[in-house]
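What follows is one structure encoded as structure tokens, with my remarks underneath.
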Amino acid sequence: MALLQILRPTLPILIGASIMLTLSMGLRQSLGLFMQPLTQEIQISVSDFTLALAVQNLAWGFLQPLAGALTVRYGFRTVMVAGALLYVAGLALMAGANGLLSVMIGGGVLIGISLACTAAAIAMSVAARAVPASVRSTVLGLVSGAGSLGALLSAPIGQVLNEGYGWRIGLVGFVVLSLLMIPAAWYAGRVDKIPLPKPADDEIDDASAAVATKMAFSNASFVVMTGAYFVCGMQLVFLTTHLPSYLAICGMDPMLSAQTLGMIGGFNVLGSIFFGWAGQRWNKLALLGGIYIFRSIALAWYFTLPPTPATTLLFGAIMGFLWMGVGPLVAGAVAEMFGLKWQAMIQGLAFMSHQVGSFLGAYGGGVLYDALGSYTMAWRIGVALGLAGGIIQVAFALIRPSGPPQMQTA
């Protein structure tokens with residue numbers, strides 16, 4: 001009740017940010033449902049399709065710092081509404097695709113640019129500015145959790161339309177859903193009217209973008225977190241892109257893919273809320289490392305066994321719990337280290353590493369499958385790198401048990 005009273009004045013902002021996030025992430029995570037029918041009809045390879053998604057991830061990652069910097073100059077509303085419009089255009093172009101170019105521009109470039117303006121880094125920065133520091137991590141977890149519901153909605157809708165009417169109608173359904181992002185972004189943009197709190201002496205609110213970037217990469221905690229974030233992107237995008245194809249190869253019911261993505265989305269909510277709550281109490285970097293380690297263990301367990309509906313849904317539940325919990329932890333750590341003014345940009349700098357991993361997870365998985373005829377090598381690489389990144393992240397957190405250090409500007 002006390003939390004609700006604190007949040008009541010900013011609820012429209014938080015709800016708008018959550019809806020925008022849930023649609024941008026949920027629709028994007030469900031595009032793998034269309035890979036098999038789309039590639040067969042327009043006669044492109046699996047690696048061609050995954051290259052488009054890899055381009056999406058690179059565009060998203062490398063434009064994320066720019067989008068964050070533009071929010072300082074033009075405000076969140078302008079950036080988010082423009083991103084929502086690009087998402088609609090990208091899905092529409094993809095739905096009408098007759099060759100690789102349309103898939104590449106629509107599903108790759110346009111949606112990638114849109115995600116830089118509407119996904120986690122921007123939505124989390126909006127939420128962080130809208131609430132006091134005393135409840136910030138908890139609220140970031142709640143927004144991340146609400147943002148996880150998109151897969152519960154989009155994956156089943158996409159699969160039903162795909163099976164009943166074809167992949168083009170499925171993508172048209174996604175276009176209709178994406179239209180809701182526009183009013184959501186508009187309401188979330190009310191955050192522009194909230195003044196920034198007075199910066200602490202050790203925050204960098206008065207620095208320029210170039211100085212803020214230099215200071216971020218001079219911070220050892222930030223550098224380690226950014227390096228480990230690479231693993232996060234590689235593992236997650238490999239799954240969202242290739243799990244439907246893997247299950248189809250294994251002869252499983254096509255609806256199981258949508259059910260599993262929905263299971264991921266459902267448990268995503270619980271995991272995001274839990275890790276937001278936990279980040280208010282314990283070291284965020286250690287929690288991040290723990291997520292990467294347990295994800296890797298779950299990947300190894302699942303892919304070493306023959307898939308069944310039960311193990312696949314259980315795997316989806318485990319991965320869902322460990323999925324977007326990184327969002328509130330990374331956002332909270334960046335706000336602690338650097339303040340709020342440049343949070344979206346600095347979080348975007350870390351996210352570039354995440355998206356390089358996403359590129360390798362999407363495209364590398366497709367290349368390895370085309371070359372070797374199986375996903376065995378791809379998931380083994382994901383497990384090995386995940387364990388290494390998680391262990392390094394936890395070890396660094398133990399070296400600095402008091403939590404992420406503040407940047408000193410003097």
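Please read all numbers here as calculations on a predicted model, not as lab measurements.
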(request) Using ring pair (Phe, Tyr, Trp, His ring centres under 6.0 Å) as the criterion, list what pairs up with Phe174, not counting sequence neighbours. (result) Phe34
(message) Restricting to side-chain contact (heavy atoms from CB on, under 4.5 Å), what partner residues turn up for Ala128, sequence neighbours left out?
(response) Arg136, Leu140, Leu340, Gln343
(message) Assess the residue pair Val139 and Leu14 against the criterion (side chain to side chain contact (heavy atoms under 4.5 Å, CB included)); give the C-alpha distance rounded to whole Å, side-chain angles, the decisive distance to 0.1 Å, and a yes or no.
(response) CA-CA 9 Å; Val139 170; Leu14 297 176; 4.1 Å; yes
(request) Return the set of residues passing side-chain contact (heavy atoms from CB on, under 4.5 Å) with Pro183 (not counting sequence neighbours), or none when no residue passes. (result) none
(message) Could you tell me if the side chain of Leu287 sits less than 4.5 Å from the side chain of Asn283, heavy atoms only?
(response) no
(message) Run the salt bridge (charged side-chain N to carboxylate O under 4.0 Å, His left out) test against Arg77 and tell me which residues pass, sequence neighbours left out.
(response) none
(request) Might you point out which heavy atoms bring Ala130 and Ile13 nearest each other, and give the distance in Å? (result) CB-CG2, 4.2 Å
(request) Find out whether Phe76 and Ile122 are in side-chain contact, i.e. whether some heavy atom of one side chain is under 4.5 Å from a heavy atom of the other. (result) yes
(message) Please list all pairs meeting side chain to side chain donor-acceptor pair (under 3.5 Å) that have one or both residues in residues 58-74, counting only residues at least two apart or in different chains.
(response) Trp60-Gln64
(request) Provide the closest heavy-atom pair for Gly382 versus Met234 in the form atom of the first, atom of the second, distance. (result) CA-CE, 3.7 Å
(message) Quick check: do Asp48 and Met104 have side-chain heavy atoms less than 4.5 Å from each other?
(response) no
(message) So Leu27 and Tyr87, do their side chains get closer than 4.5 Å, heavy atoms only?
(response) yes
(request) Might you point out which heavy atoms bring Ala97 and Trp167 nearest each other, and give the distance in Å? (result) O-CH2, 3.8 Å
(message) Would you say that more than 12 heavy atoms from the other residues, nucleotides or ligands in this model lie under 6.0 Å from the CZ of Phe230, or not?
(response) yes
(request) Show the numbers, then the answer: is there a side chain to side chain contact (heavy atoms under 4.5 Å, CB included) between Leu288 and Val330? (result) CA-CA 8 Å; Leu288 281 170; Val330 171; 4.0 Å; yes
(message) A side-chain contact here means heavy atoms from C-beta on lying under 4.5 Å apart; do Arg295 and Val326 qualify?
(response) yes
(message) Would you say the rings of Phe274 and Phe321 are close, in the sense that their centroids are separated by under 6.0 Å?
(response) yes
(request) Would you indicate whether the side-chain heavy atoms of Phe222 and Ile346 approach each other to under 4.5 Å? (result) yes
(request) Verify side chain to side chain contact (heavy atoms under 4.5 Å, CB included) between Tyr292 and Ile391, making sure each step is shown before the conclusion. (result) CA-CA 8 Å; Tyr292 303 150; Ile391 291 168; over 6 Å; no
(request) Please test Phe49 against Leu38 for side chain to side chain contact (heavy atoms under 4.5 Å, CB included), starting from the C-alpha separation and ending with a verdict. (result) CA-CA 9 Å; Phe49 182 87; Leu38 184 153; 3.9 Å; yes
(request) Could you tell me which residues satisfy side-chain contact (heavy atoms from CB on, under 4.5 Å) with Leu161, sequence neighbours excluded, listed by chain and number? (result) Ile157, Tyr165, Ile169
(message) Do Ser353 and Thr226 pair up side chain to side chain, a donor and an acceptor below 3.5 Å, judged on atom types alone?
(response) no
